[in-house]
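Quick caveat: nothing in here was measured; it's all calculated off a predicted structure. The chains referred to below are lettered A, B, ... by the order of the sequence lines, with proteins before strands, and numbering in each begins at 1.
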2 protein chains.
Amino acid sequence: MEYIINIRPALYNKGYRITGQRQQIIRILDKATDHQSAYKIYEELRKMNHRVSIATIYRTLDLLVELNFVRRIDRHKQPSVYELADPGKGPTVKVHLICRKCNQVQDISSSLSVMFNDLVGKAQLYHEFSIEPQAISLRGLCAKCRVESARGN
Amino acid sequence: MEYIINIRPALYNKGYRITGQRQQIIRILDKATDHQSAYKIYEELRKMNHRVSIATIYRTLDLLVELNFVRRIDRHKQPSVYELADPGKGPTVKVHLICRKCNQVQDISSSLSVMFNDLVGKAQLYHEFSIEPQAISLRGLCAKCRVESARGN
DNA sequence: CCACTTTTTGAAATAAATTGCAGAAAGTTC
DNA sequence: GAACTTTCTGCAATTTATTTCAAAAAGTGG
Ligand SMILES: [Mn+2]
Ligand SMILES: [Mn+2]
Ligand SMILES: [Zn+2]
Ligand SMILES: [Zn+2]
């Protein structure tokens with residue numbers, strides 16, 4: 001909620017401009033309860049009669065990901081989806097389970113999430129590679145789809 | 001080495017056909033010491049006067065990934081690269097460090113790799129989600145690029 | 001508010017990845 | 001190996017994502 005309040009000065013301090021488009025895009029992500037694709041954000045804004053191009057959505061999401069305000073969740077052969085990263089609050093790496101059949105995106109439990117973070121921290125130290133807050137996508141089959149594909153189909 | 005020997009019967013048993021294109025693509029992956037992109041494989045085969053289309057390369061890689069013979073390493077804004085998965089040999093999930101500046105792909109140490117695998121196993125049990133052997137991409141800055149971006153530029 | 005510099009934007013072009021479809025090749029049965 | 005069935009391939013079309021570039025907007029300092 002009111003995430004825009006935190007991002008605005010952060011953008012400003014780095015010399016990025018506070019444009020209407022950027023604010024609207026952040027607002028959409030902030031209000032959303034589920035993960036959003038670039039195109040979904042685009043449609044949403046057009047519905048509200050805001051003037052944006054899809055290119056701006058992609059560029060803004062790229063920027064927010066680079067600044068670690070947003071995580072990109074990569075689904076193969078499906079458009080990526082995005083979520084706010086809430087820096088400061090807990091683990092920075094979030095793990096998602098992506099079903100390769102129904103494309104559903106599921107968050108991993110928070111305790112496992114903490115363990116993943118610890119491990120990523122170790123990898124960072126060992127390899128002297130600064131890993132950035134982000135989404136890890138684990139692909140596979142969800143319980144429902146596994147049952148379905150087990151019995152034929 | 002001679003990886004094709006293992007894949008051939010596996011394909012056959014699942015009703016997939018052993019085509020010249022598939023065998024050549026597997027051979028390229030097998031001989032390669034580094035990670036290969038679809039286009040690189042395409043060029044390689046054309047150089048050797050093999051008749052293939054880029055669409056077939058993509059389709060074959062998709063198939064091999066689905067059958068867990070190959071891992072897809074996703075790099076954002078750069079074509080994905082691929083490596084043989086060597087099922088049977090050790091951990092099934094491999095973690096890669098991808099530098100967002102120079103796009104270099106680095107393998108994680110094998111001991112950390114084992115730890116990641118254990119954790120992925122736990123996630124699989126807890127969420128009743130069958131996670132498939134694959135590549136996890138961790139994005140960030142490699143040591144070299146971090147130094148460079150630290151001093152201006 | 002005006003003049004000025006720098007960043008950002010939309011629209012269109014381009015690039016990368018995917019898909020539809022008709023012909024070709026693989027596998028099967030005699 | 002001919003006839004037959006099924007899968008696969010190449011090509012072209014399409015979709016999705018990215019980039020280019022001139023015009024617009026944001027920020028700065030009168
Ligand atoms: Mn999530
Ligand atoms: Mn590797
Ligand atoms: Zn599913
Ligand atoms: Zn680098």
Practice prompt. Let me know, please, whether Lys77(B) or Thr60(B) comes out on the 5' side of the other along DNA chain D by nearest nucleotide.
Written response: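 Here Thr60(B) is the residue nearer the 5' end.
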
Could you tell me whether the phosphate oxygens of [N], OP1 or OP2, come under 4.0 Å of any side-chain nitrogen or oxygen in [X]?
X: Tyr12(A); N: dT28(D); answer: yes
X: Gln21(A); N: dG10(C); answer: yes
X: Arg22(A); N: dT8(C); answer: yes
X: His76(B); N: dT18(D); answer: yes
X: Thr19(A); N: dA26(D); answer: no

Can you measure [X] atom [atom1] to [N] atom [atom2] for me and round it to whole angstrom units?
X: Arg72(B); N: dA17(C); atom1: CZ; atom2: C1'; value: 11 Å
X: Leu63(B); N: dT7(D); atom1: CG; atom2: P; value: 13 Å
X: Gln23(A); N: dA26(D); atom1: CD; atom2: C1'; value: 11 Å
X: Ile18(A); N: dT8(C); atom1: CD1; atom2: C1'; value: 12 Å
X: Ile57(A); N: dT9(C); atom1: CD1; atom2: P; value: 10 Å
X: His50(A); N: dT9(C); atom1: NE2; atom2: P; value: 14 Å
X: Arg100(A); N: dT18(C); atom1: CZ; atom2: P; value: 16 Å
X: Lys40(B); N: dA16(C); atom1: NZ; atom2: C1'; value: 18 Å

Item to complete: Please work out whether the ring planes of His35(B) and His96(B) are parallel, tilted or perpendicular, with thresholds of 30° and 60°.
Response: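 Ring orientation of His35(B) relative to His96(B): perpendicular.
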
Is it true that a side-chain atom of [X] and a backbone atom of [Y] form a donor plus acceptor pair closer than 3.5 Å?
X: Arg75(A); Y: Arg139(A); value: no
X: Asp30(B); Y: Ile26(B); value: no
X: Gln134(B); Y: Glu132(B); value: yes

Worksheet entry | Nearest heavy atoms of Cys142(B) and Phe129(A), plus distance in Å |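 Nearest pair, atom of Cys142(B) first, then Phe129(A): CA-CD1, 3.5 Å.
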
Item to complete: Under 4.0 Å between any heavy atoms, over every strand shown, what does Tyr39(B) touch: base, sugar-phosphate, or nothing? Just pick one.
Response: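 If one applies the 4.0 Å heavy-atom cut-off, Tyr39(B) turns out to touch nothing in the nucleic acid.
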
Worksheet item: What is the nucleic acid contact for Ile54(A), judged by heavy atoms within less than 4.0 Å: base, sugar-phosphate only, or nothing?
Response: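 If one applies the 4.0 Å heavy-atom cut-off, Ile54(A) turns out to touch nothing in the nucleic acid.
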
Discussion item. I'd like to know if Arg59(A) reaches the base of dT20(D) with its side chain, counting only an N/O donor and acceptor under 3.5 Å.
Written reply: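 Check passes, donor-acceptor contact within cut-off.
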
Worksheet entry | Donor-acceptor pair present, Arg51(A) side chain and dT9(C) base, under 3.5 Å |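 Result: no qualifying N/O pair found.
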
Worksheet entry | Closest nucleotide among dG10(D), dG10(C), dA17(C) to the Tyr58(B) side chain |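 The listed nucleotide nearest to Tyr58(B)'s side chain is dA17(C).
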
Worksheet item: Nearest nucleotide by nearest heavy atom, which residue falls closer to the 5' end of DNA chain C, Asp62(B) or Gly20(B)?
Response: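 Closer to the 5' end of DNA chain C: Asp62(B).
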
